[in-house]
Trainee: 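Have a look at the structure that comes next, please.
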Amino acid sequence: MSWRCHGNTNQELVANLQRSGILTSIAATHAMLQIDRAHFVPDGGSPYEDSPQSIGHGVTISAPHMHGYCLSLLADHLKPGMSVLDIGSGSGYLAAIFSLMVGENGRSVGIELIPQLAEKSIESIRRGPASKLLESGQLAIHVADGKMGFADAGPYDAIHVGAAAAELPKPLLDQLKPGGRMVIPVGTGFQDLVVIDKLLDGSIKKHVEMNVRYVPLI
Ligand code: SAH
């Protein structure tokens with residue numbers, strides 16, 4: 001099913017992700033329709049193809065089906081007013097989608113290691129409707145080492161990690177709210193996409209959703 005969701009427009013791409021059963025959340029679908037992937041893919045790329053696209057510095061914006069899966073897994077933790085942390089925010093595409101989902105009373109924080117990518121992601125976000133949330137501070141992109149999380153704005157209802165960690169970084173677990181969910185690729189080579197739920201009593205429940213191949217968290 002994955003890799004087969006190509007469209008000729010953003011709308012077609014999102015419709016195909018929905019039709020294939022990857023994108024299961026109406027709120028995520030609505031946000032994906034508002035954020036044009038073309039704003040996050042450099043000129044000459046194929047923004048509506050269901051494949052990763054180069055964004056420079058040896059980095060790719062993840063394939064739409066991966067974004068779709070992660071949004072579906074996190075949607076219940078991206079309700080209006082909630083807070084979300086996106087580690088390895090890269091192009092800024094997901095941080096922008098998250099910000100529209102959590103809205104003007106929520107908070108979306110992206111952490112990116114490469115300053116040039118962080119800067120470019122802010123320019124890309126400014127081209128669409130998440131721009132206003134950047135202005136109000138509800139959406140922010142910081143240059144930092146994501147393994148440390150970003151305690152200043154935590155704890156978070158949702159944490160998404162867009163690069164593979166050899167081991168689960170403890171600060172991220174600490175910054176997850178009770179009732180919150182983290183989606184993180186863990187391992188080396190082929191990795192497990194691990195879904196971590198912090199239950200209300202603070203205990204941790206984990207399951208592996210699928211095998212994935214992400215760039216390493218440096
Ligand atoms: N979700 C992003 C994925 C980008 S690829 C997108 O679709 O655009 C993974 C990103 O993680 C890269 O931008 C890389 O620079 C970043 N990264 C790697 N190690 C990191 C670290 N320790 N802290 C923050 N970002 C990191």
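Both counts, for ligands and for their atoms, begin at 1 and track the order of listing.
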Trainee: Which atom pair, heavy atoms only, marks the closest approach of Lys198 to Leu173?
Mentor: NZ-O, 2.8 Å

Trainee: Quick test: of every protein heavy atom, which one is nearest to atom 9 (C) of ligand 1, and how far off is it to 0.1 Å?
Mentor: Gly162 O, 3.4 Å

Trainee: Taking the minimum heavy-atom distance to atom 25 (N) of ligand 1, which of Leu117, Val161, Leu113 ranks first?
Mentor: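 Nearest option to atom 25 (N) of ligand 1, by heavy atoms: Leu113.
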
Trainee: Are Asp86 and His160 linked by a side-chain donor-acceptor pair shorter than 3.5 Å?
Mentor: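 Looking only at side-chain atoms, His160 and Asp86 do form a donor-acceptor pair, the distance falling under 3.5 Å.
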
Trainee: What do we get for Asp86 next to ligand 1 when only non-hydrogen atoms under 4.0 Å count, side chain, backbone, both or neither?
Mentor: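 No part of Asp86 is near ligand 1 at this cut-off.
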
Trainee: Does an N or O anywhere in Thr60 fall below 3.5 Å from an N or O of ligand 1?
Mentor: no

Trainee: Under 4.0 Å from ligand 1, counting heavy atoms only, is it the side chain of Val59, its backbone, both or neither?
Mentor: side chain

Trainee: For the pair Arg126 and Glu135, evaluate salt bridge (Lys or Arg N to Asp or Glu O under 4.0 Å) and give the outcome as yes or no after the intermediate values.
Mentor: CA-CA 9 Å; Arg126 286 219 172 98; Glu135 298 309 320; 3.6 Å; yes

Trainee: Does Ser89 reach ligand 1, in the sense of a heavy atom lying below 4.0 Å from it?
Mentor: yes

Trainee: I need the nearest protein heavy-atom contact for atom 3 (C) of ligand 1: residue, atom name and distance, please.
Mentor: Gly88 O, 3.6 Å

Trainee: When only distance counts, is Gly146 in polar contact with ligand 1, meaning an N/O pair under 3.5 Å?
Mentor: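 Checking ligand 1 against Gly146, an N or O pair does fall under 3.5 Å apart.
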
Trainee: Taking atom types as modelled and ignoring hydrogens, do the side chains of Asp50 and His6 form a donor-acceptor contact shorter than 3.5 angstrom?
Mentor: no

Trainee: Check this for me, if you would: do Lys205 and Asp197 make a salt bridge, where the nitrogen-to-carboxylate-oxygen distance has to be below 4.0 angstrom?
Mentor: no

Trainee: Applying a strict 4.0 Å limit to heavy atoms, is Pro52 in contact with ligand 1?
Mentor: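 No; Pro52 lies far enough from ligand 1 that no heavy-atom distance drops under 4.0 Å.
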
Trainee: Quick check: Phe150 with His142 (ring centres under 6.0 Å apart)?
Mentor: yes

Trainee: Quick one: do the Ser51 and Gln53 side chains pair a donor with an acceptor below 3.5 Å?
Mentor: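 Ser51 vs Gln53: donor-acceptor pair found between side chains.
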
Trainee: Look at atom 16 (C) of ligand 1 and say which protein heavy atom is nearest, naming residue and atom and giving the distance to 0.1 Å.
Mentor: Glu112 OE1, 3.4 Å

Trainee: Could you establish whether Ile87 and ligand 1 come within less than 4.0 Å of each other, counting only heavy atoms on the residue side?
Mentor: no

Trainee: Select one of side chain, backbone, both or neither to describe which atoms of His67 lie under 4.0 Å from any atom of ligand 1, heavy atoms only.
Mentor: side chain

Trainee: Give a yes or no on this: more than 12 heavy atoms of other residues, nucleotides or ligands lie within 6.0 Å of atom CD of Gln11.
Mentor: no

Trainee: Look at atom 19 (N) of ligand 1 and say which protein heavy atom is nearest, naming residue and atom and giving the distance to 0.1 Å.
Mentor: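 Going by distance alone, atom 19 (N) of ligand 1 is nearest to Ile218 N, 2.9 Å.
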
Trainee: Testing the basics here: between Ile218 and Asp145, what is the closest heavy-atom pair and its distance to 0.1 Å?
Mentor: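 Nearest pair, atom of Ile218 first, then Asp145: O-OD1, 4.0 Å.
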
Trainee: Please report which non-hydrogen protein atom sits nearest to atom 20 (C) of ligand 1, along with the residue it belongs to and the distance in Å to one decimal place.
Mentor: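 Protein heavy atom at minimum distance: Leu217 CD1, 3.6 Å.
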
Trainee: Which heavy atom of the protein is the closest neighbour of atom 8 (O) of ligand 1, given with residue, atom name and distance?
Mentor: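 The closest heavy atom on the protein side is Ser91 OG, 2.7 Å.
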
